[in-house]
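So the structure is just underneath, and the comments pick up after that.
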Amino acid sequence: MKYNFKKIEKKWKIKHKKFNFFEINKNSKKKFYILNMFPYPSGYGLHIGHTIGYIFSDIICKYKSGCNYNVLNPIGFDSFGLPAEQYAINTTKHPSYIIKKSIKKYKKQIKNLGVFFNWDKEINTIDKNYYKWTQWIFIKLFNSWYDKKKKKARNIKKLINIYKKKKKWNCLKKKEKNKILNKHRLAYLKNSFVNWCSKLGTVLANDEIKNGKSERGGHKITKKKMLQWHLRITKYSDKLLNGLKKINWPKNIKNSQIKWIGKRKCFYINIKINKKYKTKIFYFKKKKNINNIIINTNSYIYELLIKFIKKKYKKKVINIVKKINNNKNYKILIKTNIINKNKKKINIYISNYKNNKSIKNIYLNVKNSKNFLKIKNKLTLSIKKNFYIKSFFLYFKKKKKIIYNLNDLIFSRQRYWGEPIPIYYIYNIPYNIPYNKLPLKLPYINKYISKYKNYKFKLNFYYKWAWDSINKKIVENKFIDIKKKIYPLETSTMPSCAGSNWYYIRYIDNNNNNKIISNNKEKYWKNVDLYIGGSEHTNGHLLYSRFCLKFLKDIKVINYYNEPFKRFINQGIILNYSFSIFKLIKKKKFISYDLIKKYKKKIQKIYIEKKFIINNNELNINFFLFKNKNYKNFIFYKKKKFLCYKKLEKMSKSKLNIIKPNKIIDKFGIDVFRLYQIFIGPFNKKKIWNLDKIKGIKRFINKLLLIFKNNKEIIKKKPKKEDKIILNNIIKKVYKNYKKLLLHISISYFMKTINIFIKKKIKNKYILEKFIILFSPFAPYISEEIWEKLGHKNSIFMEKQPKIYNIYYKKKIKYIIMLNNKKKFVIKINKVNNNKKYIINKIKCNNNFFYKKKIKKIIFIKNKILNILI
RNA sequence: GCGGAUGUGGUGAAAUAGGUAAACACGCUAGACUUAGGAUCUAGUUCUAUAAUAUAGAAUUAAGGGUUCAAAUCCCUUCAUCCGCACCA
C-alpha cells in the first residue's frame, strides 16, 4: 500500500470539522490548560518556528485528553504594535486591513497542521471587546496605590481618606492634590529619560532596542526627557521575587528574572549635577575610590553636562565632540578639582566609547573601564584652573541599602496603532474615562495615511479626539472648551505588552461582557499549566504578566492562584543558513566573497535566496540575473567562481532564510511533517534546519502501514505475555517522556517498537490497537485511518490512553558482571536466587577468569551489578 | 566586563537523579531486487591483533585533575561555543 496522505488527510479534515474534541471530558474534574504564546500576525505567514510550538502543544493536549483531562488549548492574535504600523505606512493601507488579511492567512495555515485549537475561544488584542478590558485594567491601576503596611494595592480613595485625617487635604489646590496622588498611583505620569527614536517617532522600551538601534528598522536611538505614563511595577519587586520559588520554570529564565529584579544590599554613590538635576545612583558591593568618570557622548548626562559648562568653553567642547563622534573610541579629558578620598583629583572624560552592545551613559573606574583606558586616541582640553563644573559632585554613602534593579515600566507610545489610554486632561490633571464608557475606541479614519503622510503616525492628528464629559462621548478636537467641559484626550497609546500581559485570563471567558472573567470559570481553570514560548521577548513578557496578575489578585479580580504560568518551557530557535553577496557601494559591481578583503569599507551586503546557490556557496549568476532584472548590467568580480557568504543565522524575513511549512507539507504530508518537527531534537534547544532526516520518518510511516496492510492477518486473540511486555515497555517510556516533555525520544521508541513488531511478526489486534492509540497524538490522520481500518467507527481521540498490563512474570534479574570496573558479561538470575553467594558460585562454575587469583574485594549491588576487584 | 548555560561518532541525538556509552534516525560503504523510485531489502560503519561472518584486547563523552568499587553524569582548573545584560553585580 502506498501512503496516499493527501486522500487520508482530506477525508479526516472534513470529519474533524464536525468533531468536538474539547467536549470529550467536559465534566471531568481534572483540567489541563496548555498555552502557546500568541503570535504576531505578520503578512509573511507562518514559518517553521511557529509550527513546532503548535505541534508540540497539540501532542500534549491530545495525550492529556486521553488521560481524562478536560483540556484547553486556545489561540489568539497579538495585533497591536509597530510592525503592522510601519508596514501600513509603507503600503498606505490601514493596519487593521493588513492585520485582518494576515490573520486569515495564519488561520488557514494553522488549521493545516492537524492541530486542535479551541477556535471558539479565540481572542484578538485589537478587538474592541478585548481592549476594553485592557483599558479597564489601566484605569484600575490609575486608581490604585500600593499600601506598604498591608502589602497590597488598594483604591486611591482610601489613600485620600488617610490624607484627610492627617492634613488639611481639602485646603489644598487641585494641582497639589494631583501631585501627591501622582506619587502614589500605580499608573502615573512622570518626566523621565526615555529611548527616543525620531524616525519612528516614538519611545521604545529597552527590549525593543538592539545594538543601540531600534529593533524594527534599525534607526538611531537617543535619550530624551519626556512626560510618560509609567506603571509602578517596582512596588511589586518582592512579590515577584518570592513567586519564583513555587513555579516550574527553566533555571536560566528564573535567573534572569531574579537578575532583572536585582535585589541586593549595596553601598552607593549619588551623582548630582546640581540641586535640580539628579542622575541615577551608582552602586558597589564594596567601598571604592573614584578616580575618573567617563561620560558617553550619546547620553543624556552629557547633554546635561553641556548645560553647565561655562559659555566660553561650551562651543569648544561641542565641536570636539562632533569631531570624535565620527571616529571610533575617542576620549576627551576634562580636568577637574573634585577630590576623592585619597586626595587625588577626579577626572571627567567625555567619550564615544561603546562597550560591546549596550550604550552606557556613564562609566566609573570600575573593572569595565579597563578597556576604556586602553584607548589611545586622546585629547586633553586646555582648561584653566577655574574651569571645572562646579555643581557636579559626588556623594559617597557609607551605609548599606537594599536596592532593586527593576525600574518602573514606561507605558506610553507616541503612535497610533495601540490601545488608547483612557484618560482626559483638565488643566493638565489626568482623569479617567468612566468604566461604563469603555472601550474608548481607537478612531478609524479612511485615507488617513495619504492625507497626513508627512506627519508622524500619531493619535493627536485625528480631528476627532476630545472628550465631552457631559455627554460622555468622543467629539472633535475643535470643540475643546473647558467651559463646556470638553477636554483633550491622552494622545499616547499603550505599548504592545499591554494586551499580552493578561491575555491568558481572557481565553477562559472570552465572551463575557460584564467581567474580565467569571468567578466560577476562574476557579475551575485557574492558571496555565504549561506555557510554551519563544525566547525573544520572554523575560519582559513574563515579568509584566506576573506583575499584572499580582495586581489583579490584589483588587480581587483573580482569587484562586498566585502565578500565571505553573510550568514554562522555552522553545529553542531554529537556525538556517543565509546567503549573501557583496556589492560595491554606488557602483554596479558585485564582488566574490574571497576577494572582499580589499574593499572592506566600501561594500554592502545583500541577502539572496538559497535557490540561487549551487555547490555549497557558489552563485548561479545566470539564474540570479534572470530573476533579478534590475542587476542586468552589473559586473561580477571573481577569480574562478563567484562565492557567496554563507552563515548560520536565526530565521528572519530580512535574511531570506525562512522556511515555509507549506511546501514540506505538500510533499510529505502533515503527519510526516509533524513527526519530523518533533524528532529533530529536544524542544528547548536550538536546532539547525536540515531536511535530510525526514526520510527516516517516511520509512517509519511506511513500516507502520505495512503492519496494518492485511486486515486478515491481524488476529483477535488474547495477547501473549511477551507481546504484553513489549507494549508495557513502550507505554512506560512514552509516559515518562511526556512528564519530562522530551517528545523526540518517544518517537525513537515508537520506531524501535515497530522494528520489533516486524521482526517478531506480532499481529495481535489488542496489542496493535493500544499501540496506535499511544501513537495517535503524534500523527493524527494516519492513526485515525488505521483505527478505522481496524473496524472502529468513533474517532481515535475518543479513546483513553492505554494502561500498563498487569503481568505477573517471574522476572529474571539482570546482573552486569564486572572485573576491575570493566564489563565482562551479563547473566540472568531467577528471583529466588537473588543473592551474592549464588551469583558468585555461578560465575565460578562457568568462568575461570579469576581462578587462582586473589580477590581483593567484591562489590555487590542488588538487582544491578557485581564488581570483582582483583 | 558581568551573569547564565552548553560541550558525546561524519550528522541529529539517547543513556532510570553515578552502574553495559553511542539506543533511534540520517549519511556513508558493499551487495540484492525491481514496476527505475528522492523506492525497498540485507550486511557493515572507534581502533588493534589473530586461527577473521568469530574471538581477544585497548582507547574514547572539549582538555587536565579530584571524589568513588564505579563518573558523559558530582567537584575544581583551563579552553571553545551560545544566550542575556539598563547604572550596579
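Residue A/K667 is classed as a base contact, given a heavy-atom separation below 4.0 Å to a base.
For residues 734-743 of chain A, the set of pairs meeting the side chain to side chain donor-acceptor pair (under 3.5 Å) definition, not counting sequence neighbours, is empty.
The side chain to side chain donor-acceptor pair (under 3.5 Å) test applied to A/D666 returns no partner, not counting sequence neighbours. The side chain to side chain donor-acceptor pair (under 3.5 Å) check on A/R546 picks up A/Q257, A/E563, with sequence neighbours excluded. Applying the ring pair (Phe, Tyr, Trp, His ring centres under 6.0 Å) rule to A/F673 yields no partners; only residues at least two apart in sequence or on another chain are considered.
Taking for each of A/K685 and A/P682 the nucleotide of RNA chain B with the nearest heavy atom, the 5'-most of the two is the partner of A/K685. Of the residues near RNA chain B, A/K740 and A/K687, the one whose nearest nucleotide (by heavy atom distance) lies more toward the 5' end is A/K687.
Going from atom CG of A/L742 over to atom P of B/rU16 covers 11 Å, rounded to whole Å. Straight-line distance from the NZ atom of A/K698 to the P atom of B/rG37: 13 Å, rounded to whole Å. Across the protein-nucleic acid pair, A/K759 atom NZ and B/rC41 atom P stand 14 Å apart, rounded to whole Å.
The side chain of A/N867 lies closest to B/rG19, out of B/rG4, B/rA13, B/rG19. Minimum atom distance to the side chain of A/K736 is reached by B/rU16, of the listed B/rA14, B/rU16, B/rC69.
The NZ atom of A/K254 lies 12.5 Å from the CG atom of A/L542; values are rounded to the nearest 0.5 Å.
When the options A/F750, A/F775, A/F679 are evaluated for a ring pair (Phe, Tyr, Trp, His ring centres under 6.0 Å) with A/F700, the one that passes is A/F775.
Helical stems in RNA chain B, defined as runs of 3 or more consecutive Watson-Crick or G-U wobble pairs with both donor-acceptor distances under 3.5 Å, are listed by first residue as B:1-7 with B:79-85, B:10-12 with B:24-26, B:27-32 with B:40-45, B:46-50 with B:54-58, B:62-66 with B:74-78.
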Protein proximity profile, nucleotides 20-36 of chain B - base contact B, sugar-phosphate-only contact S, no contact -, cut-off 4.0 Å on heavy atoms: B--BBSBS---------
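With hydrogens and angles ignored, the 3.5 Å screen pairs a side-chain donor or acceptor of A/K687 with a backbone N or O of A/F683.
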